[in-house]
Amino acid sequence: MQFDVRETELAGDVMAVSLPQFRAVDEMGRNAATKRGLGATPEQLPAAPAHIRAGGRMMDSHGRTILDLRISITDRCNFRCVYCMEPDVQFQPRENVMTPGEIIRMARVAQSLGVRKIRLTGGEPTLHPQLTEIISGIRATTDVEIAMISNGSLLTREKLSAWKRAGLDRMTISIDSVRADRFARVTRSTVTPEDVIAGIEMCVAEGLTPLKLNAVLVRGQNDDEAVELARLARRFGVEMRFIEYMPLDSAHAWDRSLMVTARETREAVEAVFPLTPTNMDDAHSTARTYRFTDGAPGLIGFIAPVSNPFCGACSRLRLTADGNVRPCLFSTTEWSVMKLLRGGASDSELANFLIDVTWTKLAGHNIASPQFVQPARPMSAVGG
Ligand code: SAM
């Protein structure tokens, strides 16, 4: 089944949410009943210790500090990637989705607590009709780095230039295959790899750099494309990053055997293009990066959340399109900030809320543990 790129643009009727009602195990290990599509309420959230609140920073009980906020501005997408979103996924009613004003306010409060980087994500953020307004609002009220991740299917020079003028600093583009048949099979869309490659060229031309490219290799789908994807890094002088397939698919079909490890991918790339570690990765970075030993431009990055978790250096917090804060990508509890946003809360109440949620961050995601529970909501709802 394939989707026309225009089919799911935000204009048009909104489908009702039919996410299964789920019980969540909260970050403190207790069970908390959650409402459909909404997280646990602020009243259920334990307060962080007074000295942590007074510190005015988002610090967790394991000593990590939040510097990076990922905001999903829409849960809609024009792709249905096999590892992410099933064709029949249903979206939040529009009234449950944060408004541009709410997004901008959360960005401002997060910056006041030390956030240095905001990544706009989704769903597909470029589907949002008020994207330029969101970027310019964040730029007008903060001095954070503003990055955005997109599937690259709907980019034009005009749009990119408008987003850049509004304050966008850089882009990441996802591309899982350079073969048209594969690309169609993985994304279940009518978009071609050439469309996305044209988007990559436009980002470079607009100076939305350093540009990163993301790929997820899934065994039996595109696991033989590591080298072809690595060639994109050399061709455009950008960083091609391979992300291990994580148990965050809406089909709940993830199985370790379908995941291509970072190590396996590195060996495949190195069989053709020897790599040398850059040894320049930031301590909080998700990727381990390598340059081409032959001196060609571009970098290769490996993100190994499953085979080599980097939770110990995590500096990230996530805000979902429907106004829930997730302490971790793999959290089974989300904390609803919407209630505060729409209930007249002050900025300092929002700040305390973010500090309290951060305090609940677990030490790690425990994917390897037999007790691991896959979160009910997929990556597309959480914001990658
Ligand atoms: N639509 C945008 C895009 O395509 O990049 C932004 C949202 S997408 C959810 C963000 C990133 O999450 C993409 O690079 C995608 O490949 C990645 N992703 C989605 N589901 C994943 C999964 N189960 N495991 C690993 N990465 C995943």
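Along the sequence shown, residues carry numbers from 1. As the structure lists them, so they are numbered: ligands from 1, and atoms in each ligand from 1.
- Less than 4.0 angstrom separates some heavy atom of T121 from each of these atoms of ligand 1: 6 (C), 7 (C).
- The shortest N or O to N or O distance between Y245 and ligand 1 is not under 3.5 Å.
- Contact annotation for N151 and ligand 1: heavy atoms of both the backbone and the side chain come within less than 4.0 Å of the ligand.
- For ligand 1, the polar-atom distance check against G123 finds a nitrogen or oxygen pair separated by under 3.5 Å.
- Only the backbone of S150 comes within contact range of ligand 1, with a heavy atom under 4.0 Å; no side-chain atom does.
- Taking every non-hydrogen atom of I149 and a distance limit under 4.0 Å, the qualifying atoms of ligand 1 come out as 2 (C), 5 (O), 6 (C), 10 (C), 11 (C), 14 (O).
- Stacking of R234 on the aromatic ring of F292 is recorded, both the 6.0 Å distance cut-off and the 45° axial limit being met.
- In this structure, R64 contributes its side chain and S61 its backbone to no donor-acceptor pair below 3.5 Å.
- At a 3.5 angstrom cut-off on N or O pairs, D176 does not count as close to ligand 1.
- Of the protein's non-hydrogen atoms, Y83 OH, 3.0 Å is the one closest to atom 16 (O) of ligand 1.
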Carefully, step by step, assess F236 and I197 under the rule side-chain contact (heavy atoms from CB on, under 4.5 Å).
-> CA-CA 10 Å; F236 295 108; I197 288 170; 3.7 Å; yes

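- Not a single donor-acceptor pair under 3.5 Å links the side chain of R179 to the backbone N or O of R182.
- The protein atom (non-hydrogen) at minimum distance from atom 17 (C) of ligand 1 is M379 CE, 3.9 Å.
- Residue E244 places a heavy atom less than 4.0 Å from ligand 1.
- A donor-acceptor pair is defined here as one N or O able to donate and one able to accept, closer than 3.5 Å; such a pair exists between the side chain of D195 and the backbone of T192.
- At least one side-chain heavy atom of R139 sits under 4.5 Å from a side-chain heavy atom of D169.
- Taking atom 26 (N) of ligand 1 as the reference point, the nearest protein heavy-atom neighbour is V216 CG2, 3.5 Å.
- Annotation: R263, atom CZ; neighbour count of heavy atoms from other residues, nucleotides and ligands within 6.0 Å does not exceed 12.
- Salt-bridge formation is not detected for the pair E201/R157: no Lys NZ or Arg NE/NH1/NH2 atom is positioned less than 4.0 Å from an Asp or Glu carboxylate oxygen.
- Of the possible polar contacts, one joining the E102 side chain to the T99 backbone as a donor-acceptor pair under 3.5 Å is found.
- Here the heavy atom of the protein found nearest to atom 2 (C) of ligand 1 is E124 OE1, 3.3 Å.
- Numbered from 1 in the order shown, with element, the atoms of ligand 1 that lie under 4.0 Å from a heavy atom of M246 read 22 (C), 23 (N), 24 (N), 25 (C), 26 (N).
- Protein heavy atom closest to atom 13 (C) of ligand 1, with residue, atom name and distance, is S174 OG, 3.3 Å.
- Residue contact check: N214 has heavy atoms under 4.0 Å from atoms 14 (O) of ligand 1.
- Put simply, atom 8 (S) of ligand 1 has no protein non-hydrogen atoms near it, under 4.0 Å away.
- Under the 3.5 Å distance criterion, the side-chain polar atoms of D60 are matched with a main-chain donor or acceptor of G63.
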